[in-house]
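Read the structure below first, then the notes.
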Protein chains: 2
Amino acid sequence: MPAQQFPISEIVAAQRPARKDAARNYDALLTAAREAFAEHGSEASLEDIARRAGVGIGTLYRNFPTRRSLFESVYADEVNALCRSAVEFAGLDPWEAVTAWLERFAGYMVTKRAVREALEGESEIFQACRDSLYAAGGPLFERAQRAGAARTDMEFGDLLRLVAGITATAFTDDAQRDRVLAIALDGVRAGR
Amino acid sequence: MPAQQFPISEIVAAQRPARKDAARNYDALLTAAREAFAEHGSEASLEDIARRAGVGIGTLYRNFPTRRSLFESVYADEVNALCRSAVEFAGLDPWEAVTAWLERFAGYMVTKRAVREALEGESEIFQACRDSLYAAGGPLFERAQRAGAARTDMEFGDLLRLVAGITATAFTDDAQRDRVLAIALDGVRAGR
DNA sequence: GTTGAACCGGAGGGGTACCTCCGCTACAGT
DNA sequence: ACTGTAGCGGAGGTACCCCTCCGGTTCAAC
């Protein structure tokens with residue numbers, strides 16, 4: 001058993017089928033879906049996803065009976081990877097740790113065009129994703145608060161929305177994105 | 001001629017048809033489209049928009065030959081109203097003026113779910129909208145910069161993206177939205 | 001190598017969206 | 001009031017998407 005588990009980890013692992021060909025198709029579908037969702041939002045065509053994955057539409061439906069279940073799996077997969085990465089930053093300076101993790105949060109969320117919906121989804125899996133994110137990033141932020149590096153009149157949830165909102169926006173170039181993100185984080189740092 | 005004109009103003013006025021019944025339909029379509037775009041993003045069904053407006057699909061297509069032209073008109077309409085409102089705030093304290101206008105920006109942009117696309121659209125009208133927004137809000141921001149109330153290592157465009165990103169995000173309640181927006185604006189205020 | 005269970009692809013029925021086209025309606029100018 | 005014209009609605013062809021179902025295929029356990 002690993003040092004730290006997140007609510008989402010087991011769920012993700014349990015989904016993948018055992019048989020070799022089935023597992024290959026499952027992976028191809030997740031990859032194709034991640035691309036399609038990133039490109040067209042959560043309304044992407046399921047038949048297109050199956051085509052991208054080089055798989056029949058029937059195979060898609062066998063693995064993911066509903067559009068929502070497919071989206072949940074893609075999202076859970078990304079959240080899982082993101083949570084596992086939080087452990088790496090535990091040793092850094094408190095403020096550095098928060099910004100480093102948020103940087104990764106901003107990058108990993110390929111599905112960001114649809115994250116807003118997910119952040120308030122009601123299903124069990126979205127709930128587990130939220131819990132996992134809080135379990136992974138929350139301690140980093142609270143440590144920064146205790147160290148006097150982050151303002152204390154806000155919650156970790158506020159910070160996630162702030163970063164999610166900014167990174168979901170289209171910028172003229174990456175430099176502008178980083179500039180704007182840094183400005184917003186200055187607001188978090190300031191304290192008051 | 002009004003005291004101040006924005007590039008978008010004439011374009012908006014020129015679109016509306018002259019005949020009475022046609023003008024009524026035009027208005028109904030704009031209203032219905034504003035709602036539908038706010039609800040489903042810029043991919044909203046055109047037939048649904050016509051239904052909401054109580055108008056035949058043919059009438060929609062006569063007024064707006066393409067989906068893009070309809071979206072442009074809705075967007076231009078909102079930008080126009082927003083720009084005209086900037087004049088009201090010219091008398092306030094420099095920082096107050098900026099935040100008051102941004103508050104309205106955040107509220108008016110009912111089409112916000114799709115604003116990101118519009119902020120980098122290539123068409124003539126999107127260009128005019130951008131120019132209008134800069135002409136309306138830019139001076140407020142630069143005045144705040146000269147007064148030492150806003151940091152000078154950023155541009156007005158950065159500020160717009162920042163606010164647009166945050167307000168396009170779903171929050172659990174309005175209080176959280178205001179809290180997050182205030183935090184981000186603290187970053188703008190801080191100076192450095 | 002055999003075998004049966006699990007898995008596969010994609011045809012096809014039903015639905016919805018896009019857009020065009022044309023017979024009908026209602027406005028506005030005389 | 002008359003009338004020509006600008007404007008109207010919606011039927012219908014085409015295309016795509018959703019989802020089910022089933023005959024054929026591939027895996028893995030023996």
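In what follows, chains are A, B, ... by sequence order, proteins preceding strands, each numbered from 1. Keep in mind the model is a prediction, meaning the values are calculated, not measured.
To the nearest angstrom, P of D/dC19 lies 14 Å from CZ of A/R68. Remark: C1' of C/dG10 and CZ of A/R51 are 12 Å apart, rounded to the nearest angstrom. Between A/L60 atom CG and C/dC7 atom C1' the separation is 14 Å, expressed in whole Å. The separation between B/R24 atom CZ and D/dA6 atom C1' is 15 Å, rounded to whole Å. Distance B/L70 CG to C/dA17 C1': 15 Å, rounded to the nearest Å. Rounded to an integer number of Å, the gap from OH of A/Y61 to P of D/dC17 is 11 Å. One atom, CG of A/N63, and another, C1' of C/dG9, lie 13 Å apart when rounded to the nearest Å. To the nearest angstrom, C1' of C/dA17 lies 14 Å from NE2 of B/H40.
Using a 4.0 Å heavy-atom distance criterion, A/R67 is classed as a sugar-phosphate-only contact. Nucleic acid contact class of A/I57 (heavy atoms, under 4.0 Å, all strands): base. Residue B/D48 is classed as having no contact, given no heavy-atom separation below 4.0 Å to the nucleic acid.
A/E43 contributes no side-chain N or O that forms a donor-acceptor pair with the base of D/dC17 under 3.5 Å.
Checked for salt-bridge contact, A/D153 and B/R179 miss the test: no charged N lies under 4.0 Å from a carboxylate O. Looking at B/E88 and B/R104, a side-chain N of the basic residue comes within less than 4.0 Å of a carboxylate O on the acidic one, giving a salt bridge.
A donor-acceptor contact closer than 3.5 angstrom is absent between the side chains of B/N25 and B/T59.
Each of C/dC18, C/dA6, D/dG7 was ranked by its minimum atom distance to the side chain of B/S45; first place goes to C/dC18. Considering only the side chain of B/T59, D/dG9 comes nearest among D/dT20, D/dG9, C/dA17. Closest to the side chain of B/E47, out of C/dC19, D/dC18, C/dC7, is C/dC19.
Between B/R62 and D/dC8 there is a side-chain N or O to OP1 or OP2 distance below 4.0 Å. Contact between the side-chain N/O atoms of A/N25 and the OP1/OP2 oxygens of C/dC7 is not found at any separation under 4.0 Å.
A distance-only check finds no donor-acceptor pair linking the side chain of A/R161 to the backbone of B/Q176 [under 3.5 Å].
If you find the closest nucleotide of DNA chain C to A/G56 and to B/K20, the one lying nearer the 5' end belongs to A/G56. Nearer the 5' end of DNA chain C, as judged by each residue's closest nucleotide, is the contact made by B/L46, out of B/D21 and B/L46.
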- Show the numbers, then the answer: is there a ring pair (Phe, Tyr, Trp, His ring centres under 6.0 Å) between B/F64 and B/Y26? CA-CA 9 Å; B/F64 309 99; B/Y26 179 88; 5.5 Å; yes
